[in-house]
Amino acid sequence: MRSRAALAPRRRQLVAGVAFALITVTACVLVGRRLTHSSWPLAHAQMVLVAVAALCYFASFVFRARGWHRLFPREQQPDQARCLASVGAAAASGVVLPFRLDYLIKVGTLRRLGGIRIGLEAIALSIISLGMVDAVAMLPLSISAIATSSANLRGPLVVVIAFGIGCCVLLVASAQLVRLPLLRRSRRLHRVADHVSEHRTRRGRRSAIVAGVYLLACWTTRAVGSALLLSALGFRFSPTIALCVLCLSAAAGVVPITAGGVVANVGATAGILLALGVGKDLAINFSLASGLLLVTTASAAALAGFALSLAGRMRGLRTA
């Protein structure tokens with residue numbers, strides 16, 4: 001009876017993930033028919049390139065989960081399967097949920113899965129570290145994008161680069177930040193500063209560097225997937241356009257001040273492509289197709305994480 005009760009929340013989460021995926025697929029089909037001449041965004045695409053792009057998107061979630069796994073405190077570090085399920089569920093729901101409500105899905109999924117007990121404070125601190133290391137990992141791609149983009153897109157790219165440099169400075173100067181009187185008065189701010197300063201220790205520095213490499217691989221595979229998807233839709237292979245689209249679209253995740261949701265993400269991606277000189281139909285189809293592939297691969301990553309976590313727990317029960 002206890003095992004059935006434990007599986008009930010997971011079944012509800014799986015049903016919610018499937019519902020998010022169906023809502024996104026339906027929205028992409030309806031919007032594509034309304035705004036373009038295609039029956040759906042991938043109607044005239046080369047499916048081989050689409051499949052390879054989907055594999056790149058799925059790999060990006062695996063890299064992201066492995067990077068996040070490195071940023072937890074040692075005594076409350078979850079296994080990588082739980083991180084993969086949480087990252088996938090949050091990404092799939094973030095396409096639909098606005099105003100960063102996907103963080104609730106991320107925290108809830110991580111705490112409901114079996115394994116060691118993780119406190120809310122440890123999860124919050126790991127998410128803060130993830131955001132900072134994520135912004136630093138985006139710097140090489142953002143600098144490459146601003147060096148090759150047109151002048152009308154350099155303003156938003158400068159914001160992404162400035163945010164990454166600011167996070168880099170905070171990580172380097174974290175040991176001095178702990179001594180500030182303002183942080184000493186607030187227990188929560190002092191705890192955050194103390195957690196960030198742990199990245200200056202030998203183990204913390206190694207974990208942050210490894211996490212940064214994984215996150216750079218995450219964004220690189222995402223950029224390759226975007227370039228392949230553009231090629232599948234009939235646009236010439238252009239790493240520059242893929243980098244610009246990736247860096248500006250990822251600002252919603254790297255710079256946590258924007259609203260999510262499928263309408264905002266699709267509109268922003270289409271607007272970026274239009275500013276780069278891409279045709280209207282291709283811009284809309286790509287923005288819808290990328291959203292469709294992201295939610296599909298994110299759902300697949302969540303299901304893979306759930307399955308691996310459940311298999312690991314069952315193995316542990318048999319051993320016990």
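- Counting heavy atoms from C-beta on, the side chains of Ser207 and Phe72 never come closer than 4.5 Å.
- Inter-residue side-chain proximity for Arg64 and Asp134 is flagged as met; some heavy-atom pair is nearer than 4.5 Å.
- Summarising the geometry of Tyr57 relative to Ser290, their closest heavy-atom pair is OH-CB, 4.1 Å, with the distance given to 0.1 Å.
- How far OG of Ser86 is from NE2 of His69: 13.5 Å, rounded to the nearest 0.5 Å.
- Both Val133 and Leu139 belong to a common hydrophobic cluster when Ile, Leu, Val, Met, Phe, Trp and Tyr are linked at side-chain heavy-atom distances under 4.5 angstrom.
- Linking Ile, Leu, Val, Met, Phe, Trp and Tyr residues whenever their side-chain heavy atoms come within less than 4.5 Å places Ile143 and Leu157 in a single cluster.
- When all heavy atoms are compared, the tightest approach of Ser309 to Ala81 is N-CB, 3.6 Å.
- Proximity of Ser60 to Trp219: side-chain heavy atoms (C-beta onward) are nowhere separated by under 4.5 Å.
- The OG1 atom of Thr109 lies 10.5 Å from the CG atom of Leu104; values are rounded to the nearest 0.5 Å.
- We find the CG-CZ distance between Leu294 and Arg222 to be 5.5 Å, quoted to the nearest 0.5 Å.
- Atom OG1 of Thr220 is separated from atom CG of Leu215 by 10.5 Å, given to the nearest 0.5 angstrom.
- A 4.5 Å side-chain heavy-atom check between Ile209 and Arg206 finds every atom pair outside the cut-off.
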Side-chain donor-acceptor pairs under 3.5 Å in residues 123-131, sequence neighbours left out?
from, atom 1, to, atom 2, distance (Å)
Ser126, OG, Trp68, NE1, 3.1
Ser126, OG, Ala122, O, 3.4
Ser126, OG, Ile123, O, 2.7
Ser129, OG, Leu125, O, 3.3
Ser129, OG, His195, NE2, 2.8
Ser129, OG, His199, NE2, 3.1

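- Leu293 and Ala53 get closest at one heavy-atom pair: CD1-CB, 4.3 Å.
- Applying the 6.0 Å contact sphere to CZ of Arg202 captures no more than 12 heavy atoms from other residues, nucleotides or ligands.
- A pairwise comparison of heavy atoms in Ala45 and Leu233 identifies CB-CD2, 3.8 Å as the closest pair.
- Taking hydrophobic clusters as Ile, Leu, Val, Met, Phe, Trp and Tyr residues chained together by side-chain heavy-atom distances below 4.5 Å, Val87 does not share a cluster with Phe63.
- Val210 and Met132 fall into different hydrophobic clusters, where Ile, Leu, Val, Met, Phe, Trp and Tyr are joined by side-chain heavy atoms under 4.5 Å apart, directly or via other members.
- Follow the hydrophobic side-chain contacts under 4.5 Å out from Leu229 and you never reach Val48; the two are in separate clusters.
- The two residues Phe61 and Leu84 come nearest to each other via the heavy atoms O-CD1, 3.9 Å.
- Nearest heavy atom pair, residue Leu216 against residue Ala137, reads CD1-O, 3.4 Å.
- Note: Phe58 CZ to Leu55 CG = 9.0 Å, rounded to the nearest 0.5 Å.
- Judged as a side-chain hydrogen bond (donor to acceptor under 3.5 Å, both in side chains), and not counting sequence neighbours, Arg70 has no contacts.
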